[in-house]
Amino acid sequence: IGLPLNNQLGGVIQALLVFKGTSQIYQVTGDYSTTNIAVNTLNAATGTLAPRSLAPTPQGVGFLAPDGYRIIDFNAQVSDPIGVAGAGVNVPFLSPLYPSRVVAACNADVLRITVQNSSANGTPFQEYWFDLPRKVWSGPHTFPASTISVYGNTFIVTPQGVPATIFQSKTVPDGTTNTTENGVPLQWVLQTVMLSDNGAMAMSEITEMQVKTTQTTNVGSMVVSAQDENNAIYNTMTYFFAGSGSLWGTMTWGSSLWGGGANNLYPRRIGFSAPVVYNRLSIRVSGASGQGFKIGDIFIRQRALGYMQATG
């Protein structure tokens, strides 16, 4: 694969990157016609077994190495694995079931990569997105690809499990975007990491909680769950949004929201049916996808209880 290479004299030259399995990457510059061919070894003794994971990006050439996804920049420096040691997504990329089936593509500021994750139950195909400016991973997304390529400012995808089809996929929704994927209504899920321990070596209780969201006519409710470290549910509740705004003379008094919906982030009080007592806690929020719906901060007021968790 080619890589534009910064020159110490201020120009840009083209380099050819040659991957020798997972052991080494070579950089070839020059031209046989000018007898200045040069072969250099890059700074990391790594490579790839996933040739379709190579993807040109605005920051260099990305590839799936045995220890995670890396990028070779325009100075021919190989980055550390992106997301290693808890800084992002890394584990799904460590053991792809078939490395040759890993596919990746980058358009503008989003890198998309699909891998069959042998470390997950059922070895599912999973797609992850990497936001280059923010250095943030997201996923797994719902439409893993068997082949993916760039088309304009979108992607063209042939999905796993849906043979003989081609889909256009956008990373930023617009007025032409719908929330149905291959005939199935989309769902969104937001789950936090495990929240901080109270430091008192004691159980905690949620006394009050709120989730900030917008309100749209196509999202009627959301489900909020409090879970432990094994995703066992302490308690769950369904929050129903108020009805949409109405015009004077066209509604029955008391049946609709007066003054219109909440178009900006607004705090929604979450009231569980019973006290949530926990030692480790993660919050999961899910609902139907809808154009214009947004979810923001989650706030929890907790208190430390005067006892430890009983052990067997």
I'd like to know if the side chain of R268 and the backbone of T213 have a donor-acceptor N/O pair within less than 3.5 Å. yes
Judged by atom type as modelled, is there a donor-acceptor pair below 3.5 Å linking the side chain of N75 to the main-chain atoms of Q77? no
Say whether, by atom type as modelled, one donor and one acceptor occur between the side chain of R303 and the main chain of E205 under 3.5 angstrom. no
From T236, N235, N231, residue fulfilling side chain to side chain donor-acceptor pair (under 3.5 Å) relative to S225: T236
ring-ring contact (aromatic ring centres under 6.0 Å, His included): which pairs involve residues 197-238, sequence neighbours left out? none
Donor-acceptor check, side chain of Q191 to backbone of I283, threshold 3.5 angstrom: yes or no? no
Between Y128 and F130, does the ring centroid distance fall short of 6.0 Å? no
Tell me every residue that passes side-chain contact (heavy atoms from CB on, under 4.5 Å) with N107, counting only those two or more places apart in sequence or in another chain. V150, F155
Could you give all pairs that pass the side-chain hydrogen bond (donor to acceptor under 3.5 Å, both in side chains) test and reach residues 134-143, with sequence neighbours left out? Q59-K135, D131-R134, S138-H141, T142-E181
Side chains of residues 93-101: which donor-acceptor partners sit under 3.5 Å, not counting sequence neighbours?
unit_1 : atom_1 : unit_2 : atom_2 : d
S95    : OG     : S118   : OG     : 3.2

Quick check: do S282 and V193 have side-chain heavy atoms less than 4.5 Å from each other? no
Identify the heavy atoms of M308 and M201 that sit nearest to each other, and give their distance. CG-O, 3.2 Å
Check whether any side-chain heavy atom of L132 sits under 4.5 Å from a side-chain heavy atom of P58, and report yes or no. yes
Do you know which two heavy atoms are closest between T179 and Q291, and how far apart they sit? CG2-N, 4.2 Å
Apply salt bridge (charged side-chain N to carboxylate O under 4.0 Å, His left out) to K212 and list each qualifying residue two or more places apart in sequence or on a separate chain. none
Using the rule that Ile, Leu, Val, Met, Phe, Trp and Tyr join whenever any side-chain heavy atoms are under 4.5 Å apart, tell me whether F241 and V285 fall into a single cluster. yes
Selection residues 160-187 - residue pairs positive for ring-ring contact (aromatic ring centres under 6.0 Å, His included), sequence neighbours left out: F143-F167
On a heavy-atom basis, which atom in Q27 and which in L42 lie closest, and how many Å separate them? CB-CD2, 3.8 Å
Can you find a pair of side-chain heavy atoms, one from W129 and one from V89, that are under 4.5 Å apart? no
Which pairs, with at least one residue in residues 292-302 and sequence neighbours excluded, count as a side-chain hydrogen bond (donor to acceptor under 3.5 Å, both in side chains)? E208-R301, Y278-Q302
If you look only at pairs with a residue in residues 227-236, which of them pass as a salt bridge (charged side-chain N to carboxylate O under 4.0 Å, His left out), with sequence neighbours excluded? none
Polar contact flag, side-chain donor to acceptor under 3.5 angstrom, T154-Q168: yes
Can you name the side-chain contact (heavy atoms from CB on, under 4.5 Å) partners of D109, sequence neighbours left out? P133
Partner residues of T238 under the side-chain contact (heavy atoms from CB on, under 4.5 Å) criterion, sequence neighbours left out: S221, V223, F240
Which residue pairs pass the ring-ring contact (aromatic ring centres under 6.0 Å, His included) test when at least one of the two sits in residues 192-217, sequence neighbours left out? none
Sorted by first residue and then second, give each ring-ring contact (aromatic ring centres under 6.0 Å, His included) pair with at least one member in residues 173-217; sequence neighbours left out. W188-F293
Do the side chain of Y69 and the main chain of S53 share a donor and acceptor less than 3.5 angstrom apart? yes
Among T114, N117, V102, which one satisfies side-chain contact (heavy atoms from CB on, under 4.5 Å) with F125? T114
